[in-house]
Amino acid sequence: MVDYELLTHRLTEGRARRGSPLVGRRSRACLSLAALRASPLFCRATMAPVRKVLISDSLDPACAQILQAAGIRVVEKAGLGKEQLLAEIRDCDGLIVRSATKVTADIINAAEQLQVIGRAGTGVDNVDVDAATRKGVLVMNTPTGNSLSAAELTCGMILSLARQIPQAAASMKEGKWDRKKFMGMELQGKTLGILGLGRIGREVAIRMQSFGMKTIGYDPIITPEESAAFGVPQLPLEQIWPLCDFITVHTPLLPSTTGLLNDTTFAQCRRGVQVINCARGGIVDEGALLRAVQSGQCGGAGLDVFTEEPPKDKALVNHPNVISCPHLGASTREAQNRCGREIAMQIVDLAQGKALTGAVNGQALSSAYAPHSKPWIALAKALGAVLRALTQQANGSVQVVTHGPTLQKAGSYLIPAVAMGYLKEQKDVNLVNGMLLAQEAGLKITTTHSDRTQGNEEGLLQVSAQGSPCSLIGSVQGSMLVLHELNRAAFKQLVPLTGTLLFCRSKASNASLLSTITGLLGKARVELLSYHRSCTVAGEEWSILGLSSALQSLQELKQHVSEVAQVTF
């Protein structure tokens with residue numbers, strides 16, 4: 001008769017004699033924080049190393065200097081054609097661009113090692129974010145780098161429209177002195193409508209308020225309380241149109257914002273309204289704008305961006321009431337230096353596993369680098385892998401339940417982590433593409449939260465397969481990932497989720513099971529490193545055995561147990 005408790009104690013604590021036929025040379029029961037960070041499970045949960053970065057647009061020299069100081073190899077080649085870019089990017093881990101390089105799906109798919117695309121600026125419409133997400137490539141931008149420069153250009157456009165400064169300057173260069181022709185207006189008391197109240201919209205509002213302008217606005221994300229704090233009451237769009245003397249747009253280019261100002265909305269505006277677009281071409285319907293300025297419905301426009309750049313149709317550019325610039329919103333020395341520095345430091349932080357900012361498509365990764373969440377992400381992936389091994393279901397529904405106040409907001413990054421573990425044998429999946437690939441595989445993962453935990457636990461993670469009795473509960477103990485329960489069967493001694501584990505369900509009366517398994521392990525030349533046995537539920541119990549290496553086949557073992565599965569972490 002095997003003394004299960006003594007054996008478990010010896011294996012778990014690593015104090016069994018070296019000569020024991022059941023025990024390997026060292027126990028793997030404890031997983032240090034350093035080992036966790038170095039493990040493939042954790043590294044893949046975040047990102048692979050970033051060793052080589054291609055900079056394909058002209059950037060401030062500080063960008064390359066910061067990367068090189070961190071030990072990252074930098075290749076700077078601006079103005080590459082598509083075929084040249086395809087050749088250069090194949091062995092790069094990172095790509096940094098401004099707006100000139102078009103990062104298409106072809107480019108992304110050709111980059112076999114690509115981990116991150118950095119946009120030194122705000123917009124990412126020159127990057128195929130969907131293709132990057134599908135491949136698990138993180139897209140980052142520098143949302144604050146050019147905010148001040150773009151805001152100041154917008155303010156300059158408003159002043160220029162009000163006083164017709166560019167037209168007057170051009171007239172002077174032609175030798176004319178047309179004082180009466182360039183009668184302007186004061187900004188004091190005029191109403192400025194700001195569509196998009198993020199960083200740039202806010203800075204525009206603050207600056208134009210100093211000219212005595214009344215600012216109103218609209219933003220579907222910024223709350224009215226937030227915008228009221230910087231002096232912008234929010235109104236519905238249909239109420240904004242007829243109130244404004246000036247309208248400026250500061251939204252991203254999305255299906256919902258394309259053609260935001262069009263024939264219909266211009267008709268609702270006050271006659272002579274002045275329009276500014278220093279955000280993205282296409283937000284203002286250029287055909288509708290031309291018709292409005294030709295009819296006088298729009299008194300003038302300041303455009304820094306166009307649907308096609310440079311614009312082939314010069315009708316708008318050549319109209320005397322239109323002021324245009326060649327996309328200069330971020331073209332200041334200060335903005336370029338800031339954007340270059342910021343994107344470089346963000347990539348260095350990514351490479352070093354530090355805090356992540358500016359993630360466009362990998363929001364889960366923003367939490368992946370927080371010290372508290374790192375081991376929980378690794379646990380979620382481990383539980384997902386065990387769940388898939390036990391259920392053998394390629395799709396279906398998985399329920400994730402977080403327990404305890406410390407995990408109250410963890411669902412957003414634990415769901416893709418569970419998907420990583422569940423799909424790891426099928427797809428190259430990470431926190432960036434986890435949810436997308438799960439949906440495509442027919443795997444629905446939902447999450448709920450409960451503040452209650454068991455005993456002294458600060459947090460527990462429960463993962464269950466709907467339509468199956470399979471359910472797992474685990475936690476993080478210090479720096480260890482451990483399993484508490486399997487299918488409602490609790491383990492008196494928590495099971496470290498590390499190495500290769502063999503899961504066996506059998507009748508509780510099967511006292512010879514361990515001897516049988518060790519005999520089979522001996523034949524396969526596999527060492528038993530640890531052993532854990534659950535409590536009995538409905539006459540059955542679970543045995544979890546740590547192995548020195550994975551068994552090539554479980555077929556012979558299946559005849560001795562009710563259920564068996566094997567997972568390597």
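In this structure, Arg271 places its CZ atom where more than 12 heavy-atom neighbours from other residues, nucleotides or ligands lie under 6.0 Å away. Atom CZ of Arg163 sits in a sparse spot, with 12 or fewer heavy atoms from other residues, nucleotides or ligands closer than 6.0 Å. Other residues, nucleotides and ligands contribute more than 12 heavy atoms inside 6.0 Å of the CD atom of Gln294. Atom NZ of Lys314 has more than 12 neighbouring heavy atoms from other residues, nucleotides or ligands inside a 6.0 Å radius. Surrounding CZ of Arg270 are more than 12 heavy atoms belonging to other residues, nucleotides or ligands, all under 6.0 Å away.
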Do Cys339 and Arg119 pass the side chain to side chain contact (heavy atoms under 4.5 Å, CB included) test, and can you show the C-alpha distance, the side-chain angles, and the key distance before you say yes or no? CA-CA 9 Å; Cys339 288; Arg119 164 71 164 95; over 6 Å; no
Please step through side-chain hydrogen bond (donor to acceptor under 3.5 Å, both in side chains) for the pair Asn337 and Arg333, ending with a clear verdict. CA-CA 6 Å; Asn337 180 267; Arg333 288 185 294 273; over 6 Å; no
Side chain to side chain contact (heavy atoms under 4.5 Å, CB included) for Glu76 and Cys63? Distances and angles first, verdict last. CA-CA 10 Å; Glu76 294 185 84; Cys63 180; over 6 Å; no
Side chain to side chain contact (heavy atoms under 4.5 Å, CB included) for Thr144 and Arg199? Distances and angles first, verdict last. CA-CA 7 Å; Thr144 62; Arg199 296 177 182 88; 3.1 Å; yes
As a quick check of understanding, evaluate side chain to side chain contact (heavy atoms under 4.5 Å, CB included) for Arg338 and Leu148, giving each step before the final call. CA-CA 11 Å; Arg338 245 188 331 264; Leu148 288 177; 4.2 Å; yes
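In terms of modelled atom types and a separation under 3.5 Å, the side chain of Asp349 and the main chain of Leu356 share no donor-acceptor contact. In this structure, the side chain of Gln336 engages the main chain of Ala330 through a donor-acceptor pair within 3.5 Å. Panel note: side chain Asp219, backbone Leu197; a donor-acceptor pair is recorded below 3.5 Å. In this structure, Asn126 contributes its side chain and Thr101 its backbone to a donor-acceptor pair below 3.5 Å. With Asn146 contributing its side chain and Gly121 its backbone, the two residues share no donor-acceptor pair below 3.5 Å. Judged by distance alone, with hydrogens and angles left aside, the side-chain atoms of Lys77 form no donor-acceptor pair with the main-chain N or O of Glu88 at under 3.5 Å. Lys102 places a side-chain N or O within donor-acceptor distance of the main-chain N or O of Ser99, the cut-off being under 3.5 Å. The backbone N or O of Thr133 lies less than 3.5 Å from no partner atom in the side chain of Asp130, so there is not a single donor-acceptor pair. When atom types are taken as modelled, the side chain of Asn277 and the backbone of Leu303 share no donor-acceptor pair closer than 3.5 angstrom. One N or O on the side chain of Gln167 and one on the backbone of Pro320 form a donor-acceptor pair closer than 3.5 Å.
Contacts of Asn318 classified as side chain to side chain donor-acceptor pair (under 3.5 Å), with partners at least two apart in sequence or in another chain: none. By the side chain to side chain donor-acceptor pair (under 3.5 Å) test, Thr142 pairs with no residue at all, sequence neighbours left out. Shown here are the side-chain contact (heavy atoms from CB on, under 4.5 Å) partners of Ala228, two or more places apart in sequence or in another chain: there are none. The side-chain contact (heavy atoms from CB on, under 4.5 Å) search around Lys409 returns none, not counting sequence neighbours. Taking the salt bridge (Lys or Arg N to Asp or Glu O under 4.0 Å) definition, one finds that Arg134 meets it with Glu440, sequence neighbours left out.
Ile221 contributes atom CD1, which lies 13.0 Å from atom OG of Ser227 (distance to the nearest 0.5 angstrom). Here CG of Leu159 is found 4.5 Å from CZ of Phe211. Values are rounded to the nearest 0.5 Å. Atom-to-atom distance recorded for Arg90:CZ and Leu114:CG is 12.5 Å, nearest 0.5 angstrom. A distance of 7.0 Å separates OG1 in Thr154 from CD1 in Ile200, rounded to the nearest 0.5 Å. The distance from the CD atom of Gln209 to the CD1 atom of Ile206 is 7.0 Å, given to the nearest 0.5 Å. A distance of 8.5 Å separates CG in Asp451 from OG1 in Thr402, rounded to the nearest 0.5 Å.
Among the candidates Thr248, Val249, Ile323, the single residue satisfying the side-chain contact (heavy atoms from CB on, under 4.5 Å) test with Ile276 is Thr248.
Scanning all heavy atoms of the two residues, the minimum distance from Ile108 to Ala132 falls at CD1-N, 3.7 Å. Across all their heavy atoms, Arg98 and Asp57 have their closest contact at N-OD2, 2.7 Å. The two residues Gln188 and Gly212 have their closest heavy-atom pair at OE1-CA, 3.5 Å. Smallest separation of non-hydrogen atoms from Pro233 and Thr215: CD-O, 3.2 Å. Between Ala419 and Val429 the shortest heavy-atom distance is O-CG1, 4.4 Å. Closest of all the heavy-atom pairs between Val232 and Ile216 is CG1-C, 3.5 Å.
Using a 4.5 Å cut-off on side-chain heavy atoms (C-beta onward), Met213 and Phe246 make contact. Side-chain contact check for Leu235 versus Leu243: some heavy-atom pair is nearer than 4.5 Å. Considering only heavy atoms from C-beta on, Leu407 comes within 4.5 Å of His372 through its side chain. Residues Met185 and Gln274 are in side-chain contact: their nearest non-hydrogen atoms beyond the backbone lie under 4.5 Å apart. Considering only heavy atoms from C-beta on, Leu195 stays 4.5 Å or farther from Ile283 through its side chain. Between Cys155 and Met208 there is a side-chain heavy-atom pair separated by less than 4.5 Å. In this structure, Tyr413 and Leu431 have side chains that are not in contact, with every pair of non-hydrogen atoms separated by 4.5 Å or more. Counting heavy atoms from C-beta on, the side chains of Asp93 and Pro49 never come closer than 4.5 Å.
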Name every donor-acceptor pair, under 3.5 Å, that has one atom in a side chain of residues 259-269 and the other anywhere in the protein, sequence neighbours excluded.
from	atom 1	to	atom 2	distance (Å)
Asn262	OD1	Thr264	N	3.0
Asn262	OD1	Thr265	N	2.9
Asn262	OD1	Thr265	OG1	3.3
Asn262	ND2	Gly259	O	2.8
Asp263	OD1	Arg291	NE	3.2
Asp263	OD2	Arg291	NH2	2.8
Thr265	OG1	Leu260	O	3.4
Thr265	OG1	Asn262	N	2.6
Thr265	OG1	Asn262	O	3.1
Gln268	NE2	Thr264	O	3.4

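Between Lys52 and Asp91 there is a salt bridge, since at least one side-chain N of the basic residue sits less than 4.0 Å from a carboxylate O of the acidic one.
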